[in-house]
Amino acid sequence: MSTRDEALVLGIETSCDETGVGIVRGHTLLADAIASSVDEHARFGGVVPEVASRAHLEAMTPTVTRALSDAGVKLSDLDAIAVTAGPGLAGALMVGVAAAKAYALALGKPLYGVNHLAAHVAVDQLEHGPLPKPCVALLVSGGHSSLLLVPDVATDVRPLGATVDDAAGEAFDKVARVLDLGFPGGPHIDRVAREGAPDAIAFPRGKYDDGTYDFSFSGLKTAVARWVEARERAGEPVPVADVAASFQEAVVDVLTRKAIAVCRENGVSHLLIGGGVAANSRLRALAQQRCEAAGVRLRVPRPNLCTDNGAMVAALGSELVGAGLHPSALDLPADSSLPITTITV
């Protein structure tokens, strides 16, 4: 390896219920293998940490093997191993970190323990090329809703705002449960909402204009549940599509409003949206509309790169290799509450 574009990096992601293994060479994606345990969690209406950890154990070796086959490379060809060290579910993270340590030690390759949130930012480079410096990142998922200023994804990520209670994806799951739509809630609400009216019900918008970049979705979730319960008590039918559309509009309205405000107030001309909720069609459409009005360029990875995957971990690992940063020690821990300011452990 002589330049960053030649770095061949394998990334392992096990922060929640997806066992992801990706392989990249520089900014080129060679493989993105995923084994999901979502069906095992569906009957519980949410992710069960112990079930997720066991599923990662069972899926790790087959998923690595599949990624290598898809990329057409051997383990010995790799330049580095990257793994999500946090944040995430502690037990699930431990499986990925232990596997990455084993591969790195056996192969004599450098190991990089990376931040899950920074990886969601880095993955966009696999589709749209190098990130502008700086850019603003809106990360929205089942566990996180954050606004970040990103001068350099390898060395400098600054938190500007985050959810003070439920994350956006968590609210989607809970509202989908109220509407009996299934788990995970995001795709179901997105689908059903297309048949509804986004202005049918005036649901609240938490922290909409409070002068901060923080979010709050717990009150919105509760308002939806109470509205539905009131209809059911009165013996009236629940207009599921209208409820879904109105709830979804309340979420994406706040997300995009604050993201544009961050860009304007920091003089940044590029907005990146990542995380599982970034696959939501209404969020993408409203973000595009508001970015165009504000003169901001929008970057959103394709949906399969928005959800948790190994490619994003490999993409950040490639950045770290290219920046000449020191690898992690082999005793690096899994940290379920790793702060975004710690990009590599």
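Here R302 pairs with E127 under the salt bridge (charged side-chain N to carboxylate O under 4.0 Å, His left out) rule; sequence neighbours left out. Qualifying ring-ring contact (aromatic ring centres under 6.0 Å, His included) partners for F172, counting only residues two or more places apart in sequence or in other chains: F247. For the salt bridge (charged side-chain N to carboxylate O under 4.0 Å, His left out) test, residues two or more places apart in sequence or in another chain that qualify with D253 are R205, R290. A search for side-chain hydrogen bond (donor to acceptor under 3.5 Å, both in side chains) contacts involving D124 returns H128, R299, not counting sequence neighbours. By the salt bridge (charged side-chain N to carboxylate O under 4.0 Å, His left out) test, D209 is found to be paired with R257, residues two or more places apart in sequence or in another chain being considered. Shown here are the side-chain hydrogen bond (donor to acceptor under 3.5 Å, both in side chains) partners of H188, two or more places apart in sequence or in another chain: R191. Here H116 pairs with H120 under the ring-ring contact (aromatic ring centres under 6.0 Å, His included) rule; sequence neighbours left out.
Residue P87 comes nearest to S336 through the heavy atom pair CB-O, 3.2 Å, listed as atom of the first residue, atom of the second, then distance. Of all heavy-atom pairs spanning A100 and L111, the tightest one is CB-CD1, 3.7 Å. Closest of all the heavy-atom pairs between A122 and A315 is O-CB, 3.9 Å. Between P301 and V123 the shortest heavy-atom distance is CG-CG1, 4.2 Å. When all heavy atoms are compared, the tightest approach of A85 to V345 is CB-CG2, 3.8 Å. Scanning all heavy atoms of the two residues, the minimum distance from P159 to T341 falls at CD-CG2, 3.7 Å.
The OG atom of S145 sits 11.5 Å away from the NZ atom of K258 when rounded to the nearest 0.5 Å. Here the CG-OG1 distance, from L286 to T256, works out to 4.0 Å after rounding to the nearest 0.5 Å. In this structure, CZ on R158 lies 10.0 Å from CG on D152, to the nearest 0.5 angstrom. With rounding to the nearest 0.5 angstrom, the CG atom of L117 is 4.5 Å from the CD1 atom of I340. How far SG of C16 is from CG of L89: 5.0 Å, rounded to the nearest 0.5 Å. In this structure, L316 CG and T344 OG1 are separated by 7.5 Å, a value rounded to the nearest 0.5 Å.
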Show me, pair by pair, the donor-acceptor contacts under 3.5 angstrom made by side chains of residues 236-244, not counting sequence neighbours?
residue : atom : partner : partner atom : Å
E236    : OE1  : R231    : NH1          : 3.3
D242    : OD1  : A197    : N            : 2.9

Under 3.5 Å, sequence neighbours excluded: what are the donor-acceptor pairs made by side chains of residues 217-227?
residue : atom : partner : partner atom : Å
K221    : NZ   : D166    : OD2          : 3.2
T222    : OG1  : S218    : O            : 3.1

Please determine whether side-chain contact (heavy atoms from CB on, under 4.5 Å) holds for the pair L332 and K101, giving the CA-CA distance in whole Å, both sets of side-chain angles, and the decisive distance to 0.1 Å. CA-CA 9 Å; L332 85 145; K101 289 178 180 179; 3.7 Å; yes
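Listed by first then second residue, pairs satisfying salt bridge (charged side-chain N to carboxylate O under 4.0 Å, His left out) with a partner in residues 266-285 read E249-R282, not counting sequence neighbours. Sorted by first and then second residue, the side-chain hydrogen bond (donor to acceptor under 3.5 Å, both in side chains) pairs involving residues 48-76 (not counting sequence neighbours) are T19-H56. Pairs of residues two or more places apart, or lying in two chains, that qualify as side-chain hydrogen bond (donor to acceptor under 3.5 Å, both in side chains) and include a residue from residues 325-335 are D335-S337.
A salt bridge links D190 and R194; the closest N-O separation between the charged side-chain nitrogens and carboxylate oxygens is under 4.0 Å.
Under a hydrophobic clustering in which Ile, Leu, Val, Met, Phe, Trp and Tyr are joined whenever their side-chain heavy atoms come within less than 4.5 Å, directly or via other members, L75 and V83 fall into the same cluster. In the hydrophobic cluster analysis, where Ile, Leu, Val, Met, Phe, Trp and Tyr join through side-chain heavy atoms closer than 4.5 angstrom, V97 is grouped together with L78. Cluster annotation: F203 and L179 are assigned to the same hydrophobic cluster (Ile/Leu/Val/Met/Phe/Trp/Tyr, side-chain heavy-atom contacts under 4.5 Å, transitive). The hydrophobic clustering, which links ILVMFWY residues whose side-chain heavy atoms are closer than 4.5 Å, places L283 and V262 together. In terms of hydrophobic clustering, with Ile, Leu, Val, Met, Phe, Trp and Tyr side chains grouped at heavy-atom distances under 4.5 Å, V157 and L320 are assigned to a common cluster.
A donor-acceptor pair under 3.5 Å is absent between the side-chain atoms of D17 and the main chain of S36, judged by distance alone. Using a distance-only test at 3.5 Å, with no hydrogens or angles considered, no donor-acceptor pair links the side chain of S15 to the main chain of L93. Listed for the E18 side chain is no donor-acceptor partner under 3.5 Å among the backbone atoms of N309.
By the 4.5 Å heavy-atom criterion applied to side chains, N266 and L160 are counted as neighbours. Side-chain contact between D79 and V321 is absent, with no heavy atoms from C-beta onward closer than 4.5 Å. Looking at E170 and D165, their side chains never come closer than 4.5 Å, going by heavy atoms from C-beta outward. Looking at heavy atoms from C-beta onward, L8 lies in side-chain contact with I23 at the 4.5 angstrom threshold. Residues M60 and I12 are in side-chain contact: their nearest non-hydrogen atoms beyond the backbone lie under 4.5 Å apart. Within the 4.5 Å cutoff, no side-chain heavy atoms of V136 are placed close to those of V150.
Annotation: E195, atom CD; neighbour count of heavy atoms from other residues, nucleotides and ligands within 6.0 Å does not exceed 12. Atom CG of D210 sits in a crowded spot, with more than 12 heavy atoms from other residues, nucleotides or ligands closer than 6.0 Å.
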